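Just so we're clear, the structure is a prediction, and the values are computed from it rather than from any experiment.
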Amino acid sequence: MHRRTFLKSVAASTVTTATITRASAQVASWPDKPVKLILPYAPGGSTDLIGRPWAEKLTQAFGQQFIVDNRGGASGMIGTEAVAKSAPDGYTFLVTPNNTLTILPSLRKVPYDPIKSFAPVARLGDLLCGFVIHPAVGPKTFAELIDYAKKNPGKLSYGSAGLGTATQLRLEMLKFKAGLDILHVPYKGSGEALNDLLPNTVQLMNEINCIPHVKAGKLIMLNINHAERHPEFPDLPTLTELGHPNADVPIWNSIHAPAGTPPEIIAKLNAKIVEIAKTDEMKARMRSIHAATPLQTPAEVAAYQVADMQRNADLIKSANIKLE
Amino acid sequence: MRIRCTQDLATGLLFISIGLAALWFGADLSLGTALRPGTGVLPRILAWCLIATGALLGVKSLMTDGPGLGDWAWRPLIMITLATIAFALTIDRFGLVVAMLSSMTLAALGTPETGWREYAIFAAFMLLLGVGMFVWGLGMPVTILPKAWPWS
Amino acid sequence: MELSGLISNLALGFSVAVSLQNLIWCLAGALIGTAIGVLPGIGPVATMALLLPATYALPADGALIMLAGIYYGAQYGGSTTAILVNLPGESSSVVTCLDGYQMARQGRAGSALAIAALGSFFAGSVATVAIAVAAPPLTKLAQQFQPADYFSLMVLGLVASIVLAHGSVIKALGMIFLGMLLGLVGTDVNTGNARYTFEIGELFDGIGFVPLTMGLFGIAEIIANLTNAERRDLVSSKVSSLWPSRDELKRSVAPVLRGTVLGGLLGILPGGGAVLASFSSYTLEKKISKTPEKFGTGMVEGVAGPESANNAAAQTSFIPMLTLGIPSNAVMAMMIGGMMMHGIAPGPQVMQQRPELFWGMIASMWIGNLMLVVLNLPLIGIWVRLLLVPYRLLSIAILFFCCIGVYSLNNSANEVLFIAVFGLLGYVLMRLGCEPAPLIMGFLLGPMMETYMRRAMLLARGDANVFIERPLSLAFLVLTGLLLLFIVLPSVGRAREVAFKE
């Protein structure tokens with residue numbers, strides 16, 4: 001009996017050691033076959049602009065193909081769900097804007113748990129923007145806008161990329177914090193919204209595709225959405241400076257692994273991403289699409305995600321935003 | 001009262017049933033207000049329009065002569081439908097080769113004129129063409145052979 | 001812009017476009033575009049997405065030239081399948097199926113293909129000139145359109161869809177309603193509510209255009225052809241001349257001219273004008289024709305007009321992208337993506353800051369059109385020979401391409417199941433004497449119409465008079481009324497005749 005138990009424990013420990021050795025061999029050799037980066041939107045969107053350069057850089061860095069797989073549909077839920085359900089072996093990742101993980105779950109039932117189904121890896125790029133107004137309306141600064149909106153409730157309208165998107169939340173945050181009455185007009189994507197902003201059919205927007213028109217003088221940008229001033233627009237104040245701290249609804253892109261992926265793989269990928277983000281070339285590429293990559297560890301990203309989700313949930317509740 | 005045009009009657013019945021189904025499944029879509037129409041407004045309008053059109057066709061079928069229902073192509077109908085379903089069900093789990101083989105064979109069974117030797121050559125050619133074009137040429141992320149196979 | 005300025009700009013553009021490198025990229029794009037246009041399912045958007053990373057290594061102008069080539073190459077290719085096997089690759093080729101496929105069944109496939117290619121080339125050339133000369137004023141014209149105007153335009157379009165059918169008007173009406181209902185399936189953009197989705201993930205964004213048309217047009221046709229030997233032999237046995245007769249060429253001139261103007265104007269509307277281009281041309285030709293009842297049986301005007309219109313619209317749809325950075329459709333969004341990948345922010349300053357890029361693209365559009373017509377005309381012989389393959393084998397190949405095409409869109413096997421459903425529906429409708437073209441138009445225009453109506457009401461703060469107050473909107477609604485009269489009156493006249501006879 002003793003001998004049998006002894007043999008069993010030897011067998012068990014051999015198997016365990018073998019598994020551990022295989023696991024760490026797996027991690028050490030990761031990646032040794034192509035890696036899939038699932039983007040939960042149709043090709044051509046702003047997520048592609050961030051995801052594809054990164055895919056290219058990671059392919060160069062690791063010597064293995066990092067392939068972008070666009071799985072669009074259902075406001076991003078289809079692709080996100082696909083990653084949540086895939087094997088946590090380090091060969092499938094989700095590259096997504098925060099919408100799918102920190103906004104959508106507070107508005108509707110989603111087929112994944114935004115916190116528990118994923119293990120965040122790194123931040124890939126934050127999109128720069130600020131509130132943009134058509135010059136024919138009158139206000140040229142943020143203060144003038146608030147003033148105008150207060151004097152003319154319901155007169156201004158704001159075009160967003162759709163119901164439940166971060167751009168709508170930006171408006172709701174502004175309305176909530178400054179107590180304004182501005183009409184929200186949802187569009188199917190920012191292109192359509194811009195098309196109506198230019199002839200002054202709607203007056204306001206807050207999207208990255210307005211920036212070329214701001215630079216051409218056709219539209220006026222009033223502020224910067226982020227915590228610090230941006231080098232491209234050094235004269236524009238941030239929301240914090242304007243007296244509205246914590247009022248930004250950032251659009252940030254990140255990469256996530258399915259929950260249960262070995263932490264060593266996550267750490268390895270994060271380290272490489274941070275390394276690439278520091279290079280001048282990557283910085284220039286990100287700048288050309290008006291993005292910037294914050295450097296964070298996986299734990300920091302997780303914390304940021306939770307905080308973002310909480311803030312958005314609070315806003316959605318207090319401003320009573322519904323998908324009708 | 002004689003049914004003068006079965007085709008029109010059948011079409012009318014089809015329209016009416018689709019319209020009714022649309023009403024049934026869209027019953028809980030909100031109507032909103034007159035100024036801000038809700039999601040349910042247009043579906044309801046369209047459903048009623050469809051029902052009205054179906055009713056009109058039904059009446060017309062009793063008054064004007066027209067073609068009957070004719071012969072339906074049952075064999076191709078069933079086999080082609082099965083072939084498409086087979087492709088859909090097998091491509092993710094078993095790969096492109098199995099999907100192509102199953103759907104092509106089912107489709108070939110859809111007509112009595114298929115010669116099996118000719119089909120075999122054709123199928124081989126199509127397999128090469130399919131895999132060549134889509135996986136090697138365009139780089140589609142689709143598996144070629146079933147995952148269970150040792151060399152995939 | 002004065003003539004000398006225009007000439008110097010064009011000279012700059014041609015010097016860029018004619019460099020050996022850019023010519024090669026143009027050719028590559030056109031070839032790839034034609035290939036995927038012929039293949040049902042995989043469209044220019046998916047191909048551009050696949051090739052976008054590869055283009056990063058190219059210089060900016062080469063990359064954009066190639067991407068643009070893919071786009072209008074796909075237009076040429078899409079017409080080919082529409083004519084040969086009744087499979088519309090893009091929404092713009094649906095109308096070509098109507099008379100183009102009938103021409104093919106009468107053995108005049110070569111003629112149809114040639115007319116389509118020549119008409120497209122003419123339209124493309126004119127549109128290119130229009131872009132060069134009038135891009136900024138055309139853009140301003142497009143900006144006059146507000147949601148209320150778009151709504152009325154869509155209503156006009158929907159009524160005009162009735163004209164697409166050559167059979168029963170009542171059934172065409174029913175098809176339009178059914179198409180609109182099918183178009184409503186999915187998430188409502190304005191409220192975020194799901195309609196008729198039955199919790200199926202793939203239905204969330206609506207029924208896909210490609211599975212719908214593959215099923216309704218392609219599969220249904222295969223099923224019908226496989227039994228009815230007589231019907232099918234018409235397709236594969238008769239292959240007469242490869243070139244249009246002189247009569248056909250003469251009859252095509254006016255439709256091509258009209259189609260070019262109509263399509264060119266509609267294409268500049270970012271809100272969905274290009275969709276309307278081909279079939280409004282068809283409607284126009286049918287209404288002007290002395291023999292409207294022959295439309296749908298192989299009238300060459302029904303191919304010449306729409307093909308020119310959709311190519312003109314395809315070219316002018318570049319305008320909002322080039323001048324304002326606004327994408328009119330998913331393809332333009334890809335182009336913008338391509339530009340941004342090269343560090344060019346699309347927008348109003350591209351014309352000033354990177355004139356060699358802007359004018360180079362315009363010049364290469366014309367060169368691309370030229371290449372495509374030179375490529376496609378000889379290919380007609382090959383395509384037509386393809387029709388001689390015994391149908392029992394050809395149908396298998398068509399089925400495969402439909403399935404893989406739809407699968408490739410979103411890597412979704414479930415969408416392939418949709419083809420089966422729509423194939424079934426398509427065959428049933430065929431047997432019942434209902435035509436699919438009005439359904440497709442309802443499918444495309446219905447949701448757009450609803451969106452614009454809602455948005456117009458929202459912007460007008462609930463005042464419905466906006467539809468009559470805006471001159472453009474009023475004009476379209478009046479036209480709609482007139483068109484309705486034209487459609488209904490002949491039927492009323494005929495019914496009265498019948499009543500008198502009895």
Side-chain angles (χ1 to χ4, degrees), chain B residues 7-8 10-11 14-15 18-19 22 25-26 29-30 35-39 42-43 46-47 49-50 53-54 56-57 60 67 69-73 75-77 80-81 83-85 87-89 91-92 96 99-100 103-104 107-108 110-111 113-114 118-119 122 126 130 134 138-142, chain C residues 39 42 47 50 168 170-171 173-174 177-178 180-181 184 188 190-191 193 195-196 198 219 222-228 390-393 395-397 399-400 402-404 407-408 411 413-417 419-420 423-424 427-429 431-434 446 450 453-454 457-458 461-462 464 498:
Chain B
Q7 201 189 53
D8 282 359
T11 318
L14 178 67
F15 284 170
I18 296 181
F25 287 113
L29 292 173
S30 75
L35 297 179
R36 278 214 190 198
T39 19
L42 198 56
L46 289 172
C49 285
L50 202 55
T53 316
L56 214 65
L57 275 172
K60 187 158 173 272
L69 282 176
D71 286 321
W72 287 49
R75 183 168 164 177
L77 183 62
I80 298 280
T81 309
T84 321
I85 297 179
F87 188 94
L89 291 177
I91 184 153
D92 277 330
L96 188 59
M100 283 179 77
S103 66
M104 290 199 292
T111 165
E113 306 174 0
T114 308
E118 165 193 79
Y119 168 72
F122 182 72
M126 285 299 297
F134 292 97
L138 287 174
M140 263 179 68
V142 66
Chain C
L39 290 174
I42 309 180
T47 316
L50 282 171
S168 149
I170 304 184
K171 286 187 187 165
L173 208 53
F177 293 140
L178 182 56
M180 286 174 77
L181 265 176
L184 289 179
D188 175 16
N190 288 348
T191 59
N193 280 336
R195 283 191 285 212
Y196 300 124
F198 304 115
I219 306 285
I222 293 180
I223 298 176
N225 281 343
L226 274 180
T227 1
N228 197 338
Y391 199 77
R392 59 186 177 275
L393 296 176
S395 57
I396 299 180
L399 181 64
F400 164 66
C402 283
C403 291
I404 190 86
Y407 179 77
S408 72
N411 269 346
N414 288 338
E415 303 215 6
V416 181
L417 287 176
I419 310 181
L424 209 59
Y427 184 68
V428 167
L429 289 174
R431 291 261 101 215
L432 291 176
C434 298
E450 186 193 30
M453 185 199 73
R454 287 249 196 82
M457 291 290 278
L458 196 59
R461 312 301 198 271
V498 170

Could you check which of Ala397(C), Gly423(C), Gly446(C), Cys434(C) has the highest count of heavy-atom pairs closer than 4.5 Å to chain B?
Ala397(C)

Part of Leu56(B) within contact of chain C (heavy atom distance under 4.5 Å):
side chain

Quick check: closest heavy atoms across Phe15(B) and Lys171(C), and the distance to 0.1 Å?
CZ-O, 4.2 Å

Of the backbone (N, CA, C, O) and the side chain (C-beta and beyond), which part of Phe25(B) lies under 4.5 Å from a heavy atom of chain C, both, or neither?
both

Closest non-hydrogen atoms of Tyr407(C) and Ile91(B), given as atom of the first, atom of the second and distance, are CE1-CG2, 3.7 Å

Nearest heavy-atom contact between Leu50(B) and Leu178(C) is CD1-N, 4.0 Å

Tyr427(C) side chain reached by Pro76(B) side chain, heavy atoms, under 4.5 Å
no

Structural part of Met104(B) lying under 4.5 Å from a heavy atom of chain C
both

Mind checking what makes side chain to side chain contact (heavy atoms under 4.5 Å, CB included) contact with Ser103(B), not counting sequence neighbours?
Ala83(B), Phe87(B)

For Leu417(C), is it the side chain, the backbone, both, or neither that has a heavy atom closer than 4.5 Å to a heavy atom of chain B?
both

Closest heavy-atom pair and its distance - Arg431(C), Gln7(B)
O-NE2, 3.0 Å

Is chain B contacted by the side chain of Cys403(C), its backbone, both, or neither, given a heavy-atom distance below 4.5 Å?
both

Counting only non-hydrogen atoms closer than 4.5 Å, does Ile170(C) touch chain B with its backbone (N, CA, C, O), its side chain (CB onward), both, or neither?
both

My understanding is that only residues two or more places apart in sequence, or in another chain, count here; which of them pass ring-ring contact (aromatic ring centres under 6.0 Å, His included) with Tyr119(B)?
Trp116(B)

Closest heavy-atom pair and its distance - Ala22(B), Leu181(C)
CB-CD1, 4.0 Å

